[in-house]
*Asks:* 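To start, I am sharing the structure in question, which I have written as structure tokens.
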Amino acid sequence: MKITIFVDQLNHGGAGRVASLLIDGLHKRNYDISVVTDIRLDIVYKIPSGITIHSYISNNNSQGIFSKGINYITRLRHWRKLIKQEKTDLIIAFLPTTFFDAKIASLGLGIPIIASDHTSMGRDLG
């Protein structure tokens, strides 16, 4: 089974840490794993060798609503191409914006998605 994991970064935070543990555990069980993450940031969590890592393509540097929209569409098209190229059987996406975008990128492909959210219930959300 080919699993593609979408996580915004593997640099810090609980979601990145949990994603790295999941990647390691699935890899040890001989699943074929690829990861889509922001490769501009250092990957500090342990990722087993042999795991394919693809660029997340972040639009954080965009100026103006038009540029942000174009970058967003470009990212979704990039993700869809990766999903098809990897012949993904299952998508696991971490955090709400990432799994929402992964769902849009995979519309019509019939690939199941597992959405994983990680936050502290004691956290003050404003």
*Asks:* Distance-only criterion, 3.5 Å: show the donor-acceptor pairs between side-chain atoms of residues 47-54 and protein atoms not counting sequence neighbours.
*Replies:*
{"residue": "H54", "atom": "NE2", "partner": "E86", "partner atom": "OE2", "Å": "2.9"}

*Asks:* Could I get the full list of side chain to side chain contact (heavy atoms under 4.5 Å, CB included) partners for K84, not counting sequence neighbours?
*Replies:* R80, L109
*Asks:* Can you tell me how far CG of D8 sits from CG of L95, rounded to the nearest 0.5 angstrom?
*Replies:* 5.5 Å
*Asks:* Write out all pairs satisfying ring pair (Phe, Tyr, Trp, His ring centres under 6.0 Å) with one or both partners inside residues 76-105, taking only residues at least two apart or from two chains.
*Replies:* F6-W79, Y56-W79, F94-H118
*Asks:* How long is the gap from CD1 on I43 to OG1 on T37, to the nearest 0.5 Å?
*Replies:* 6.0 Å
*Asks:* Search all heavy atoms of S55 against all heavy atoms of I39 and return the closest pair with its distance.
*Replies:* CB-CD1, 3.7 Å
*Asks:* Can you get from V18 to I5 by hopping between Ile, Leu, Val, Met, Phe, Trp and Tyr side chains that sit under 4.5 Å apart?
*Replies:* yes
*Asks:* Which pairs pass ring pair (Phe, Tyr, Trp, His ring centres under 6.0 Å) with one or both residues in residues 11-52, sequence neighbours excluded?
*Replies:* none
*Asks:* Decide yes or no for V7 and I23: does some side-chain heavy atom of the first lie under 4.5 Å from some side-chain heavy atom of the second?
*Replies:* no
*Asks:* I'd like to check the side-chain hydrogen bond (donor to acceptor under 3.5 Å, both in side chains) partners of S34; sequence neighbours left out, ordered by chain and number.
*Replies:* T4
*Asks:* Going hydrophobic residue to hydrophobic residue with side-chain gaps under 4.5 angstrom, can you get from V35 over to I91?
*Replies:* no
*Asks:* For the atom pair CD1 (I83) and CD1 (I111), what is the distance rounded to the nearest 0.5 Å?
*Replies:* 5.5 Å
*Asks:* If I compare all heavy atoms of L90 with all of P112, which pair ends up nearest, and what's the gap?
*Replies:* CD1-O, 3.5 Å
*Asks:* Verify, without hydrogens or angle tests, whether D38 (side chain) and R40 (backbone) share a donor-acceptor contact under 3.5 angstrom.
*Replies:* yes
*Asks:* Are I114 and L26 connected, step by step, through hydrophobic side chains (Ile, Leu, Val, Met, Phe, Trp, Tyr) whose heavy atoms are closer than 4.5 Å?
*Replies:* yes
*Asks:* Looking at A19 and L10, what are the two nearest heavy atoms and their distance?
*Replies:* CB-CD2, 4.2 Å
*Asks:* Are there more than 12 heavy atoms of other residues, nucleotides or ligands under 6.0 Å from atom CD1 of I65?
*Replies:* no
*Asks:* Only pairs at least two apart or in different chains count here, so list each salt bridge (Lys or Arg N to Asp or Glu O under 4.0 Å) that has a residue in residues 10-34.
*Replies:* K2-D32, D24-K28, D24-K46
*Asks:* Which other residues belong to the hydrophobic cluster containing F66, where Ile, Leu, Val, Met, Phe, Trp and Tyr are joined when side-chain heavy atoms lie under 4.5 Å apart, directly or via other members?
*Replies:* I70
*Asks:* Do any pairs count as a salt bridge (Lys or Arg N to Asp or Glu O under 4.0 Å) and have a residue in residues 88-109, sequence neighbours left out, and if so which ones?
*Replies:* R75-D101
*Asks:* In Å and rounded to the nearest 0.5 Å, what is the CG to OG1 distance from D117 to T98?
*Replies:* 10.0 Å
*Asks:* Nearest 0.5 Å please: distance from the CE atom of M1 over to the CD1 atom of I33.
*Replies:* 10.0 Å
